[in-house]
Amino acid sequence: MRKFLRVAFIVLVIGFVAIQFFQPEKNKSEDRTNHFFQKEQVPPKIESIITNACLDCHSNETRYVWYHNIAPVSWLVNKDITEGKEHLNFSEWGEKSVLEKITLLDEICEETEQKAMPLKLYRLAYKKAKLSEDQINELCAFTTRLSEDLLAKENN
């Protein structure tokens with residue numbers, strides 16, 4: 001039995017080391033041409049909220065920490081980023097139509113009010129991502145105001 005456990009342990013260690021060679025591509029881009037912060041007037045407080053709670057998964061500029069380089073964590077992080085960017089990518093904000101922007105702004109408020117975003121695991125790992133009720137209210141007030149501004153500009 002001891003020999004079996006020893007062999008199983010060695011196989012697991014070799015397997016763990018082997019999977020480290022299969023890392024997903026990092027989500028890093030320096031291009032901020034169409035970024036939300038470049039295209040809209042965002043107050044510093046709201047920019048801080050979005051940076052701390054949203055940008056890692058909803059932009060092309062994820063801030064990685066050491067454990068993001070260890071498989072299978074790296075694969076799970078990459079999956080969350082890929083899915084997040086499919087729904088909303090702040091780095092591509094300038095490419096969206098006014099109607100798409102208004103829809104996304106409404107979803108930002110709705111998802112944060114329902115505490116669906118940021119993801120629970122992300123909130124546990126990053127204390128700054130845990131939004132207070134005041135922060136959620138400020139974010140929703142901002143998204144509502146920006147939607148109204150975008151609609152007014154579109155109608156003029």
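Throughout, numbering of the chain's residues begins at 1 and tracks the sequence. This is a predicted model, so every value here is computed, not measured. Any value given below was found using the heavy atoms of this structure, including those in side chains, with hydrogens, waters and symmetry copies removed.
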Give me the atom names and distance for the closest heavy-atom approach of [X] to [Y].
{"X": "T112", "Y": "I108", "result": "OG1-O, 2.9 Å"}
{"X": "T62", "Y": "D56", "result": "OG1-O, 2.6 Å"}
{"X": "Q41", "Y": "F142", "result": "O-CE1, 3.6 Å"}
{"X": "M117", "Y": "R123", "result": "C-NH1, 4.4 Å"}
{"X": "S91", "Y": "N60", "result": "OG-N, 2.8 Å"}
{"X": "A53", "Y": "Y122", "result": "O-CE2, 4.1 Å"}

Less than 4.5 Å apart, side chain to side chain, heavy atoms only: is that true for [X] and [Y]?
{"X": "R63", "Y": "N52", "result": "yes"}
{"X": "K85", "Y": "E92", "result": "no"}
{"X": "T33", "Y": "Q38", "result": "no"}
{"X": "F36", "Y": "L146", "result": "yes"}
{"X": "K115", "Y": "I136", "result": "yes"}
{"X": "F37", "Y": "I50", "result": "yes"}
{"X": "H87", "Y": "E111", "result": "no"}
{"X": "F90", "Y": "H35", "result": "yes"}

Out of curiosity, [X] [atom1] to [Y] [atom2], how far, rounded to the nearest 0.5 Å?
{"X": "E107", "Y": "L88", "atom1": "CD", "atom2": "CG", "result": "8.0 Å"}
{"X": "E40", "Y": "I46", "atom1": "CD", "atom2": "CD1", "result": "13.5 Å"}
{"X": "L76", "Y": "L121", "atom1": "CG", "atom2": "CG", "result": "9.0 Å"}
{"X": "N89", "Y": "L55", "atom1": "CG", "atom2": "CG", "result": "9.5 Å"}
{"X": "T103", "Y": "K96", "atom1": "OG1", "atom2": "NZ", "result": "11.0 Å"}
{"X": "L104", "Y": "C109", "atom1": "CG", "atom2": "SG", "result": "13.0 Å"}

Hey, any chance W93 and V98 share a hydrophobic cluster, counting ILVMFWY side chains that come within less than 4.5 Å of each other, even indirectly?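 Yes, one cluster joins them.
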
Please check if L105 and L151 belong to a single hydrophobic cluster, counting links between Ile, Leu, Val, Met, Phe, Trp and Tyr side chain heavy atoms closer than 4.5 Å.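 Cluster IDs for L105 and L151 match.
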
Tell me whether Q114 at atom CD has more than 12 heavy atoms from other residues, nucleotides or ligands lying less than 6.0 Å away.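 More than 12 within 6.0 Å, yes.
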
Greater than 12 external heavy atoms within 6.0 Å of L12's CG: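 More than 12 heavy atoms, drawn from other residues, nucleotides or ligands, come within 6.0 Å of this atom.
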
All salt bridge (charged side-chain N to carboxylate O under 4.0 Å, His left out) counterparts of K130, not counting sequence neighbours: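 Applying salt bridge (charged side-chain N to carboxylate O under 4.0 Å, His left out) to K130 gives none.
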
Backbone N/O of C140 and side chain of T144: donor-acceptor pair under 3.5 Å: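 Here the side-chain-to-backbone pair exists.
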
Tell me whether D106 contacts the main-chain N or O of I102 through its side chain, where contact means a donor paired with an acceptor under 3.5 Å.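 No: the side chain of D106 does not pair with the backbone of I102.
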
Evaluate side chain to side chain contact (heavy atoms under 4.5 Å, CB included) for E61 paired with R32, printing each intermediate quantity in order. CA-CA 9 Å; E61 50 192 65; R32 293 182 63 93; 2.7 Å; yes

